[in-house]
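Working notes, beginning with the structure itself.
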2 protein chains.
Amino acid sequence: MTPRADATRNRARVLDSAHAVFAEHGLGASTEQIARHAGVGVGTVFRHFPTKEALLSAVLAARLDALADEAETLAAQGESGDGLYRLMRSAVAASSLKTAFAEALQRAGVDVSDAVAPARGRLTNTVGTLLDQAQRAGTARTDIEVRQVFALLVAATHAVTYLDDDPLRERTLDLILSALRP
Amino acid sequence: MTPRADATRNRARVLDSAHAVFAEHGLGASTEQIARHAGVGVGTVFRHFPTKEALLSAVLAARLDALADEAETLAAQGESGDGLYRLMRSAVAASSLKTAFAEALQRAGVDVSDAVAPARGRLTNTVGTLLDQAQRAGTARTDIEVRQVFALLVAATHAVTYLDDDPLRERTLDLILSALRP
DNA sequence: CTCTAATCGGAGTCACGGCTCCGTATTCTA
DNA sequence: TAGAATACGGAGCCGTGACTCCGATTAGAG
């Protein structure tokens, strides 16, 4: 049975708002804050996502999906070898405004959150491809593996969040990514 | 007036326990947990540290002090140029068991926590010296500055915490630190 | 040893956040 | 357009955690 129109609309609204609010206030943000931001009541939030953790999972899954899409596009684009770097920059940029995502990404490794697993798998695969391409093109060291790329992603995001000076942020991101180069 | 013996003893006990508990359970750990770990009542905790934030500040200040001590020892040890790397390894190791420290370090940059300021200043100075030494010895790039070293420290700590495989952790730490080399 | 002032312990208060419940409003089918 | 099914809102319940208060317990001076 397809759900009612307002139901789907509100579900999407809540998901968006949750992303925005978590990003701005960290994962400690209250459900009521999210509900207010979405212009709905708390009841609605909990009907769609029975638990705060479920909501977080859903937000995270959506983010990972988007990233995975982007990764696949880049991977399909060819063997130039800079796809990996483009992806990492974009991933860091997407979450540098938002402390929360890095936190979440980190926890996602621990949580066996079923909702997140598929997106995560897809992303892992594609990043593997990008890494291969980069290694074949000679733009990445050959002695590194995918898990290290993710670790660097977490690292870079935190470093960038830590700094407050924009040009310095840029230089530091370059610095960290340069660790991957041969 | 010098405080009573049990007062000083308990203060130290609480500080140690707070460090241990925050390290194991993150900054969300409850005051009661800390009190129990220290074998005192919550009242005692709040008498010595009127606020949870004050307690956190105190723990952080103690950690930074210890780090600053170590940094000064290394700086005095000479111009070999590897002091910087030794310090960073040790700093990461000290906090890799403990997610919390990195979190705290990060916040310390934002909070104008008076309790932390002196230790932080001391540490910044000495790391500056270590960086100078490394640059003169040719073991560090000359186009980086102290703030970037701290950013890398935060980054490395998070990367190491993120990974769960010990040898991989080691290799990844090497990878990140290699970004500093010429 | 005694007495007092400093210190302690932990039950109790208050605020806040996750989650439930149900009367009301909205969608949609016939 | 009427009626049933579905979804909504938000007051309120409950548990948790920061912080207070005061009677019980020491430390340590004399």
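Naming convention: chains lettered A, B, ... in sequence-line order (proteins, then strands); numbering from 1 in each chain.
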Calculate the interatomic distance between [X] atom [atom1] and [N] atom [atom2]; express it in whole Å.
X	N	atom1	atom2	answer
B/Leu27	D/dG17	CG	C1'	15 Å
B/Glu32	D/dG15	CD	C1'	13 Å
A/Phe49	C/dC19	CZ	P	14 Å
A/Phe46	D/dG9	CZ	P	14 Å
B/Gln33	D/dA18	CD	C1'	14 Å
B/His25	D/dG17	NE2	P	12 Å
A/Ile34	C/dC16	CD1	P	18 Å
A/Asn10	C/dT27	CG	P	10 Å

Item to check | Passing option when A/His19 is tested against A/Leu60, A/Val59, A/Val14 for side chain to side chain contact (heavy atoms under 4.5 Å, CB included) | outcome: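 Only one of A/Leu60, A/Val59, A/Val14 forms a side chain to side chain contact (heavy atoms under 4.5 Å, CB included) with A/His19, namely A/Val59.
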Checklist entry - Any donor-acceptor pair under 3.5 Å linking the side chain of B/His158 with the backbone of B/Val154? => result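 Yes; judged by distance alone, with no hydrogens or angles, the pair exists.
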Item to check | Backbone N/O of B/Ala54 and side chain of B/Thr51: donor-acceptor pair under 3.5 Å | outcome: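 Absent.
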Checklist entry - Are any of the side-chain heavy atoms of B/Ile34 and B/Leu55 separated by less than 4.5 Å? => result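 Yes - at least one pair of side-chain heavy atoms lies under 4.5 Å apart.
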Checklist entry - Do the side chains of A/His48 and A/Pro3 get nearer than 4.5 Å, heavy atoms only? => result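 With C-beta onward as the side chain, the pair stays apart.
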Polar atom pairs between nucleotides 22-26 of chain D and protein, under 3.5 Å, N or O only, would you list them?
| unit_1 | atom_1 | unit_2 | atom_2 | d |
| --- | --- | --- | --- | --- |
| D/dT26 | O2 | B/Arg4 | NH1 | 3.1 |

Item to check | N or O in side chain of B/Thr51 less than 4.0 angstrom from D/dA18 OP1/OP2 | outcome: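 No, because none of the side-chain N or O atoms of B/Thr51 sits under 4.0 Å from OP1 or OP2 of D/dA18.
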Checklist entry - Any side-chain N or O of B/Thr31 less than 4.0 Å from the OP1 or OP2 oxygen of D/dG17? => result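 So the side chain of B/Thr31 is outside the cut-off, no N or O lying under 4.0 Å from OP1 or OP2 of D/dG17.
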Checklist entry - Taking for each residue the nucleotide of DNA chain D with the nearest heavy atom, is it B/Pro50 or A/Pro3 whose nucleotide lies nearer the 5' end? => result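 Looking at DNA chain D, the more 5' nearest nucleotide goes with A/Pro3.
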Next on the checklist: Please compare A/Gly43 and B/Gly28 by the position of their nearest nucleotide in DNA chain D and report the one closer to 5'.
Outcome noted: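 Looking at the nearest nucleotide for each, A/Gly43 comes out on the 5' side.
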So which nucleotide from [options] ends up closest to the side chain of [X]?
X	options	value
B/His48	D/dG10, D/dC8, C/dC8	C/dC8
B/Lys52	D/dG9, D/dA18, C/dA11	D/dA18
A/Thr44	D/dT20, D/dG9, C/dC8	D/dG9
B/Ala7	C/dC19, C/dC8, D/dC19	C/dC8
A/Ala5	C/dC8, D/dG9, C/dC28	C/dC28

Checklist entry - Contact class for B/Ala29 vs. all strands (heavy atom < 4.0 Å): base, sugar-phosphate, or nothing? => result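 Sugar-phosphate, no base atom in range.
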Next on the checklist: Please tell me whether B/Phe49 and B/Val42 are part of a single hydrophobic cluster in this structure, the criterion being side-chain heavy atoms less than 4.5 Å apart.
Outcome noted: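 No: no chain of side-chain contacts under 4.5 Å links B/Phe49 to B/Val42.
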Next on the checklist: Return the CG to CZ distance between B/Asp143 and A/Arg171, rounded to the nearest 0.5 Å.
Outcome noted: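 These two atoms lie 6.5 Å from each other.
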Checklist entry - Between B/Gln135 and B/Thr142, does any side-chain donor sit less than 3.5 Å from a side-chain acceptor? => result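 No, because no side-chain N or O of B/Gln135 sits under 3.5 Å from a partner of the opposite role on B/Thr142.
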